[in-house]
Amino acid sequence: MSLATPLLLLLLSLLLLTTIASADDTETHLHFFFHDVVSGLSPTAIRVAQAPTTSLSTTGFGAVVMIDDPLTEGPDRNSKLLGHAQGMYALASQEEAGLLMAMNLAFVSGDFNGSSLAVLGRNTVLSDVREMPVVGGSGKFRFARGYALARTHQFDLFTGDAVVEYDVYVRHE
Ligand SMILES: *[C@@H]1O[C@H](CO)[C@@H](O)[C@H](O)[C@H]1NC(C)=O
């Protein structure tokens, strides 16, 4: 066996590795506004459960909220609809406003119409930027991995309604 053979093998395996690594390299950045409407006659976020002690807690600890929140292109609720955030959040902290988010982002327009992303993470709503993991996806987002950055765009102290700006970065098939 000549000295060239191991070198050639090394080069070939490096080539193979780079091919495998780039096969699932599609990276997508999504930007949208999430509307959490708790007030009025047709809220998109509804409290479905709480503990007997929740009302005594300053952080709302123990409450569970089901959501079907519209995702729009702009901060205006009536701007183009891109999808829905469907799932729930639970007030999971005794020390601060800290949510456990468990939701699917179901897209209804453009390239990703019919595809969805699953988000599971911690959302301390009073922080400037909250990062939540994207743990999977369907359709065009099969094998998705990534993260979402959420920033409160608008919060109405009187009604509790919120508009949250999302930047989602995902790698997928
Ligand atoms: C999204 O897909 C659904 C189902 O295929 C289709 O009825 C609808 O027209 C599509 N919407 C857009 C905006 O492409």
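Every number for a ligand or one of its atoms is a count from 1 in the order of the listing.
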_Sub-4.0 Å protein heavy atom near atom 11 (N) of ligand 1_ = yes
*Which atoms from ligand 1 have a heavy atom of Val108 less than 4.0 Å away?*
11 (N), 12 (C), 13 (C)
*Please check if the distance between the ring centroids of Phe155 and His153 is under 6.0 Å.*
no
*Angle class for the Tyr166/Phe32 ring planes (parallel below 30°, perpendicular above 60°, tilted otherwise)?*
parallel
*In terms of the angle between their ring planes, are His172 and Phe141 parallel, tilted or perpendicular, with boundaries placed at 30° and 60°?*
perpendicular
*Geometric N/O contact Asn113 with ligand 1, under 3.5 angstrom*: yes
*Taking Thr44 for its side chain and Val37 for its backbone only, find out whether a donor-acceptor pair lies under 3.5 Å.*
yes
*Would a 4.0 Å cut-off, counted as strictly less than, catch a protein heavy atom around atom 2 (O) of ligand 1?*
yes
